[in-house]
Amino acid sequence: MMVSENFEARLMLGVGILLIGFPWFADWLDEPYLVSTASRIWIYALAAMSLNLLVGFAGLVSFGHSAYVGVGAYVVGILAWHQYEETNFLGLPGTLEGFISIPFAMIVSGIVALGIGALCLRTRGIYFIMITLAFAQMLFYFFVSLEQYGGDDGLMMMDGRNKIPGLDLGEDRQMYWLSLVALGLATWFLRRLSMSRFGMVLHALRQNETRLKAIGVPPYPYMLVAFVIAGALAGLSGALLTNHMEFVSPDFLHWTRSGDLLIMVILGGIGTWTGPILGAIVFLLLEEFLPLLFQEIGLYLFSEHWRLVFGPLLIGIVLFAKGGLHALVFKQMKGVDGAFAN
Amino acid sequence: MALLQIEHLHKRFGALAATDNLSLQINQGELHALIGPNGAGKTTLISLLSGSLQPDSGLIKFHGRNFLQVPETIRPRLGLVRSFQITSVFPEFSALENVTLVLQSQQGHSFRFWKVARNDFELRSKAKEYLKQVGLDRESEIPAYALAHGQQRQLELAMALALEPKLLLLDEPMAGMGPEESLKVVELLQQLKGKITMLLIEHDMDAVFSVADRVSVLVYGHVIATGTPSEIRENKEVCSAYLGEHEIPVAN
Amino acid sequence: MILLIEQLLNGLQFGVFLFLVSAGLTLIFGIMGVINLAHGSLYMVGAYATAIGMQWTGSFWWGLLMALPAAAFTGWLVELVIIRQLYRRDHLDQVLATFGLILFLNELTTICFGRAPLFLSLPETLSISVEILPGLLYPLYRLLIIGTGLLLAFFLYLLISHTRAGMLLRAGTTHREMVEALGVNLTLLNTGLFVLGALLAGFAGALAGPLISVEVGMGENVLILCFVCIVIGGLGSIRGALFGALLIGMVDTLGRAFLASGLRLILPLDFADSIGAALSSMSVYLLMALVLIFRPQGILPVLGRVR
């Protein structure tokens, strides 16, 4: 495998530790809202990273990943709503306990991914793209039609964020740390996964499926397990997102969100470790600050309609900048750890 | 004793009968060569045997067991292994990783999520032995895409061997190789002879006639003759059907 | 009974729409190997052009007439500038580039025409209903859509199975390199095909204008449904697209009309309503799931195509 990966991993760990101090840095800048922006970035980076497991490692282009984010988000939202209303869901009470609802969100997302993946993985290539997109749209309409849970308008978390013993998520800093730690743990987990026997099979699958069969490995179960893991991690990101926003709506599952996640992965560098994180950072910062930037320099038309610039920018990146930001950052550093460090 | 028994095999692609009432028997321990003009259906036969294609009718028996219903991914584990005509390795993996992956698949399922695969030294040293066997031990850390064409073919062979085949289907293992590399492969085949049963498809007639125990000639999807190299060389039907314009090479 | 026939006609009409958009999509994929997410935007262009044309001239017919050149021109431009770069790229690149194109086109439309939906009214002559069966009044306009759509489907069939261009198209679907090697100008063929697809999608948008609100993002909803049609019918096959579109049109319409009331017979009232609403909005996707289980290659796939 192409690796200056050890160096990259150490760098990530170092930067990750530094980022724990970011809330104080934001205080020092006197811009406390940056903490909230940063939480959002880590949450999306987690979703992008889970998508990268499919697209980058296994070579499966899923265009419906926001569905699993949305399912996780709704699980947390619905449980909180039943707690608030003091009603039951299928005979079970609602809850605001993070240790229950967040893992539960991951499990439900994983199960949904299992069902949808089992169908989608019967196909490849263009079919797979269209079908993952279509099933995501199905879930979108499903949540729109749930009048009980707010339909189009979604659900507020009336009692605030989840409760986790020892943490006060109501405070933005603690939410920030939770998001950062979740991203860190997920990255660590995925890295171990990628280097395990299972990971070797996924990498092999992307490179040459025919050959994999010829050495006696049936691809389907491995792809399905990868799909479920990616779905569960996306569910985790959704659970955090609901907590962060104290709100969930079908918009979380809108198909353009799936597109956004794919863009983060490609923009950052497909199949790399830092790629999805870099991609999420740049994407969300552009989304937040591009309008402000245009406002500053007096291009008012673009400040409202920044997508007019963003769309072509995206096309440009796809067509001309292979390898994304990761290649930009790490190309120069190749020598540091040896091109094929072992 | 017959290791592989093919009886009345048929496979059509539209109007083309790629395999037409093909019957062939491969005995335990022999190196059986299959020759025939382009388009005779050699690669189709390999695909039928490996299970990536399903025949329209006929019978494939391996170890006396009906093999038609055995799925493609199970056949290698039962000892029926193919190598590819067009080099087909995992390009981003190093040569060593290519072989380790094969060994890993030999040990059963790969649903192991936590232990780092490359730290499995037992697997690695075993893989190195296979690389050594084909003469690639010095290139073990080089990614497969960076290997020379001949070296990729060698890697292909190492991967096939790592599956510990009982019957090895070799689809033109020397295609695109220079004379020196070809010679190495011939030597390797000679070493393996007797230990592993092999079905060899090859255009290099010198090679075929020097290593094969028996030769079968395939024309239009049908076996027209089977025999020792010298029998085949003297067979008139073969001469007219296949080797018409060529002189049959004399073994060195 | 009357209600059932009426809903069947509605389903047919919806299916015809879906077909007009799917036809271009499936051909463009089949021949050029490109997945074009922005195909729905051409549908939107058609609808907007009709709305604007009608505002200018006051006549629906002129609006309809404007939709065709507008959609064709947009299609031509898109093919020239973007799609042509994507033929030899992988699907991921195609998806992202055309996704960027959607963002751009939607934003451009917002700038030009605002966010508020536009509404089109039909001319008097068309906004009447006719009695097609005793007791069954049906809007004339919808009947016209069905008629025109089926006529166009027939025309496409003639074009593809009985003309030289169609023969090349069919050959191109399965043996692209061969057609190229025969010296056929594939660039021209591709552009022509893309413009044809754009025309059909734009025409569908124009026809849809008076029935729905014309707004930004209308194309994408149709696009995803068209994906379902194509998957069900079999990728690259025009017959498949027609079959899939009609099936989806029917299932979606009938599901919305009858599912909830059907469930009321066996389930408690409010429960039946919410389940019915959820199920009917998901019905077409569930149908797709069934097709995937039993015929992953689609119901009428292109023969001889290697996937």
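Keep in mind the model is a prediction, meaning the values are calculated, not measured. A, B, ... follow the sequence lines: proteins, then strands. Residue 1 opens every chain.
Residue contact with chain A, scored on non-hydrogen atoms closer than 4.5 Å, involves the backbone and the side chain of B:E156 alike. Residue contact with chain A, scored on non-hydrogen atoms closer than 4.5 Å, involves the side chain of B:L163 exclusively. There is no contact between B:N98 and chain A, counting heavy-atom distances below 4.5 Å. Looking at B:V81, there are no atoms closer than 4.5 Å to chain A (heavy atoms on both sides), in backbone or side chain. The contact between B:S88 and chain A is made by backbone and side chain atoms together, counting heavy-atom distances below 4.5 Å. Only the side chain of B:R77 comes within less than 4.5 Å of a heavy atom of chain A; its backbone N, CA, C and O stay farther away. Contact of A:V217 with chain B is made through backbone and side chain together, with heavy-atom distances under 4.5 Å. For B:I142, no part sits under 4.5 Å from any heavy atom of chain A, backbone or side chain.
Using cut-offs of 30° and 60° on the angle between ring planes, the pair B:F93 and A:H203 is perpendicular.
Taken to the nearest 0.5 Å, the CD atom of B:E30 stands 9.0 Å off from the CG atom of B:L199.
When only modelled atom types and interatomic distance are considered, A:R197 and B:Q107 share a side-chain donor-acceptor pair under 3.5 Å. Side chain to side chain, B:Q106 and B:E164 fail the donor-acceptor criterion of an N or O pair below 3.5 Å. If you check the side chains of B:H32 and B:S216, you find a donor sitting under 3.5 Å from an acceptor.
Within a 6.0 Å radius of OH in A:Y222, other residues, nucleotides and ligands contribute more than 12 heavy atoms.
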